[in-house]
Structure formats: C-alpha cells, structure tokens
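Everything on this sheet refers to the single structure shown next.
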Amino acid sequence: KMHPKKCTVFPFHPWDPKDNRRHGIVLWIPHSIQELIKSAAEQIEFSGDACILSEDAGKVTDVDMIKDGQKLYLVHETH
C-alpha cells in the first residue's frame with residue numbers, strides 16, 4: 001500500500017514579512033494541482049485566481065513535483 005503524501009499550504013507569499021503571515025493548512029496531496037488549489041482555497045477561505053508556489057517562490061505546475069511534507073504557498077495568480 002502506498003503511503004499518501006501531505007503538504008502544508010500557507011495563504012501568503014513565501015517572501016512576505018513575518019507580520020503578514022497566517023496559519024496554513026495541512027492537506028493530503030491530491031491527483032492534480034487544480035484539486036490542491038481548490039481544496040486549499042476552500043479550507044483557508046481564499047478567493048480569486050490562485051496558484052501554488054514553493055518556498056523559493058517557484059510556481060508549482062504538477063503535484064508530482066511536490067515532496068512529502070513540503071511547505072507550499074497559495075497566492076493570487078499574476079500573469
């Protein structure tokens with residue numbers, strides 16, 4: 001049996017000052033990045049177009065790039 005992977009999603013940019021930071025949510029990593037964004041946004045009451053960033057502010061486009069226990073950041077999508 002394969003052990004599912006989890007991640008922690010925070011509702012701020014990884015480079016935000018400490019006083020702008022809030023608690024995140026620990027989630028099981030689903031099968032698609034869209035599912036992860038939707039689930040995280042619902043849990044932390046985040047609205048608008050969003051994307052997931054890694055700790056070094058790289059945009060994550062595929063859940064297979066996420067390591068077990070990784071910290072991720074849900075931010076507003078910028079084009």
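Below, all heavy atoms of this structure are taken into account, side chains as well, without hydrogens, waters or symmetry copies. Numbers for residues simply follow the sequence, beginning at 1.
- Checked against the 6.0 Å centroid threshold, Phe46 and His76 count as a close aromatic pair.
- Between atom CG of residue Leu74 and atom CZ of residue Phe10 there is a gap of 12.0 Å, rounded to the nearest 0.5 Å.
- Nearest heavy-atom pair, Gly24 versus Pro11, reported as atom, atom and distance to 0.1 Å: CA-CD, 4.1 Å.
- Under a 3.5 Å cut-off, the side chain of Arg21 and the backbone N or O of Asp16 do form a donor-acceptor pair.
- Contact record, Tyr73 with His13: CD2-C, 4.3 Å, taken as the closest heavy-atom pair.
- Taking each heavy atom of Lys6 and Asp68 in turn, the nearest pair found is N-OD1, 2.8 Å.
- Considering only heavy atoms from C-beta on, Leu36 stays 4.5 Å or farther from Lys38 through its side chain.
- Taking CD of Glu35 as the start and CH2 of Trp28 as the end, the distance is 15.5 Å to the nearest 0.5 Å.
- Placement of Ile25 and Ile37 within a single hydrophobic cluster is found when ILVMFWY residues are connected by side-chain heavy-atom separations under 4.5 Å, directly or transitively.
- Between the side chain of Lys5 and the backbone N or O of Ile66 there is at least one donor-acceptor pair closer than 3.5 Å.
- At a cut-off of 3.5 Å, with distance as the only test, no side-chain donor of Glu42 or Ser39 sits close to an acceptor on the other residue.
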Donor-acceptor contacts, no H, no angles, side chain residues 51-65, under 3.5 Å, sequence neighbours left out:
{"residue": "Ser54", "atom": "OG", "partner": "Asp56", "partner atom": "OD1", "Å": "2.3"}
{"residue": "Ser54", "atom": "OG", "partner": "Gly58", "partner atom": "N", "Å": "3.2"}
{"residue": "Ser54", "atom": "OG", "partner": "Gly58", "partner atom": "O", "Å": "3.4"}
{"residue": "Lys59", "atom": "NZ", "partner": "Glu77", "partner atom": "OE1", "Å": "3.3"}
{"residue": "Lys59", "atom": "NZ", "partner": "Glu77", "partner atom": "OE2", "Å": "3.2"}
{"residue": "Asp62", "atom": "OD1", "partner": "Asp64", "partner atom": "N", "Å": "2.8"}

side-chain contact (heavy atoms from CB on, under 4.5 Å) between Leu27 and Gln43, intermediate numbers included = CA-CA 9 Å; Leu27 297 170; Gln43 294 283 330; 4.1 Å; yes
